[in-house]
2 protein chains.
Amino acid sequence: MSGEEKKRIPKTTVYRLSVYYRALSNLEEEGVDSISSADLSEIAGFSAAQIRKDLTYYGQFGRPGRGYVVSHLKSQLRTILGIDRDWSVALVGVGRLGRALLAYKGFRKQNFIIEAAFDNDPEKVGKEFSGVRVYHQDEMDKVIRSKKIEMGIVTVPEEVAEIIVAKLIDAGIKAILSFAHLPSIFSNGIKVNQVDLSIEMEGLSYYLTHSK
Amino acid sequence: MSGEEKKRIPKTTVYRLSVYYRALSNLEEEGVDSISSADLSEIAGFSAAQIRKDLTYYGQFGRPGRGYVVSHLKSQLRTILGIDRDWSVALVGVGRLGRALLAYKGFRKQNFIIEAAFDNDPEKVGKEFSGVRVYHQDEMDKVIRSKKIEMGIVTVPEEVAEIIVAKLIDAGIKAILSFAHLPSIFSNGIKVNQVDLSIEMEGLSYYLTHSK
DNA sequence: CTTTGTGAAGTGATTCACAGCA
DNA sequence: TGCTGTGAATCACTTCACAAAG
């Protein structure tokens, strides 16, 4: 009754917002405090009209004759993109790649906080890697629910990836980043992001990672 | 004079072909040898008409009344997607994440062969990790050219990522997968894939990884 | 004068629906 | 009968162009 949508937002708009966000972050570091859609267009690689249209789906952030205030627009985009808060994450599979990702600072920088890791190797259970405690896989459901974890990173061998993903979904997780191949479809509306090197060169071009 | 295009192929078609390819791989493992666009639609999550349209941009692979032969279509897609041959890859930054990726078997499975690694730490130069020789970063240009390497994986700290990417481009590399944040635009027509955790949940949805 | 925000126009992508083949 | 391949129709997205605001 109340939540009425105004306009149809194109599917690719949110992706472009993330590009604008990154461009603005760079501009802010360079000390630029205001920018026009025309100038942002040069940096972000989308047309000025496109940028203005994308932004006005969410509000009026600019001022005619002046352009957009970098810090203000950036913070608006943080809210729109949902990166204005922390996301709690669990990592399953504390192998070589798993441990590297636990140590990888990039996640934390983007407000993804890894709260727990899981493995079925008794050697690893109870230990900490990069400050993250490893639990046994049997405890997945319990720990994920009690810590209210929202997202899972899957770095287990391909053979078991599908089972792990099913377990994560059962535990109520809302998004998954998988480094193993998975069947394309999980029905429950869960998004599985698959990190999967594909090709983006010589005229060929498809997404290296995609989401369904 | 000779290379005349027939039809305009939508930008997202190639991405969808990669989804079809993965679905077909699973079907082949399950012993399915023939499938209709309607059934593939169920698995791949795109409409049957969409699937037929996408495929006919590249040829006529099906038979009326019968559908598509899984093994045949799969091999056609391999060719279209450019994954019917090996791609030679260099990895720059033999840190924790770099070594994990060197050990990661997923790349080789997709015909990405890591031919060389680079680091500026004298301790690492000359050593091998997972069978890959580490060279000094000063040798990047020479090694990449002599081994005819086409793609680079960047796992260096964020501060130097931009310089490394510039060097790779100078060395003639055609595609880059970067785990560090980078400015949005590299002009030379090089594709930079940035692995960059973003959000794909609760109505929010943008690409975890994107390419420009 | 500069630049936003936005309806209208134009372009591009998807779905429809069916002729034709197996 | 079953299903592909494809023009035509529909739907979605982007660009144009300009009124209004600073």
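Not measured: the values here are computed from a predicted model. Per chain, numbering begins at 1; letters A, B, ... match sequence-line order. Note: hydrogens, waters and symmetry copies are ignored here, and every other heavy atom, side chains too, is used.
OP1 or OP2 of dT15(C) has at least one side-chain nitrogen or oxygen of Ser47(B) nearer than 4.0 Å. Distances shorter than 4.0 Å separate some side-chain N or O of Arg8(A) from OP1 or OP2 on dA12(D). Residue Ser37(A) places none of its side-chain N or O atoms closer than 4.0 Å to OP1 or OP2 of dT3(C).
Among the nucleotides dT4(D), dC13(D), dG5(C), the one closest to the side chain of Arg52(A) is dG5(C). The nucleotide whose nearest atom lies closest to any side-chain atom of Gln50(A) is, among dT14(C), dT4(C), dT15(D), dT15(D). When the nucleotides dA13(C), dC16(D), dA22(C) are ranked by their closest atom to the side chain of Arg63(B), dA22(C) comes out on top. Comparing dC21(C), dT15(C), dC18(C) against the side chain of Pro64(B) picks out dC21(C) as the nearest. Listed nucleotides: dT15(C), dT15(D), dT14(C). Nearest to the side chain of Tyr57(B): dT14(C). Comparing dT3(C), dC16(C), dT14(D) by their closest approach to the side chain of Pro10(A) singles out dT14(D).
Here dT4(D) presents its P atom at 9 Å from CD1 of Ile51(B), a figure rounded to the nearest Å. To the nearest angstrom, C1' of dT4(C) lies 14 Å from CG of Asp54(A). Nucleotide dG2(D) holds its P atom 19 Å from the CG atom of Leu40(B), rounded to whole Å. Summarising the geometry, the separation between CZ on Arg66(B) and P on dG5(D) is reported as 14 Å, rounded to the nearest angstrom. Separating the CD atom of Gln60(A) from the P atom of dG7(C) is a distance of 10 Å, rounded to the nearest angstrom. Taking atom CG on Leu73(A) and atom C1' on dG5(C), their separation rounds to 14 Å, with Å as the unit. One can place CD of Gln76(A) at 16 Å from C1' of dT4(C), the figure rounded to the nearest angstrom. Rounded to whole Å, the distance from OH on Tyr68(B) to P on dC3(D) is 12 Å.
Remark: of the listed residues Leu55(A), Ile51(A), Thr12(A), Leu55(A) is the sole one forming a side chain to side chain contact (heavy atoms under 4.5 Å, CB included) with Leu17(A).
Side-chain contact check for Tyr21(A) versus Ile80(A): every heavy-atom pair is 4.5 Å or farther apart. Two residues are said to be in side-chain contact when any heavy atoms from C-beta on lie closer than 4.5 Å; Leu91(B) and Val132(B) fail this criterion.
Nearest-nucleotide mapping onto DNA chain C: of Ala49(B) and Gly62(A), the residue sitting toward the 5' end is Gly62(A).
Other residues, nucleotides and ligands place more than 12 heavy atoms under 6.0 Å from the CZ atom of Arg78(B).
The aromatic rings of His72(B) and Phe61(B) sit perpendicular, their planes meeting at an angle over 60°, well past the 30° parallel limit.
Between the side chain of Lys53(B) and the base of dT15(C), a donor-acceptor pair under 3.5 Å is found.
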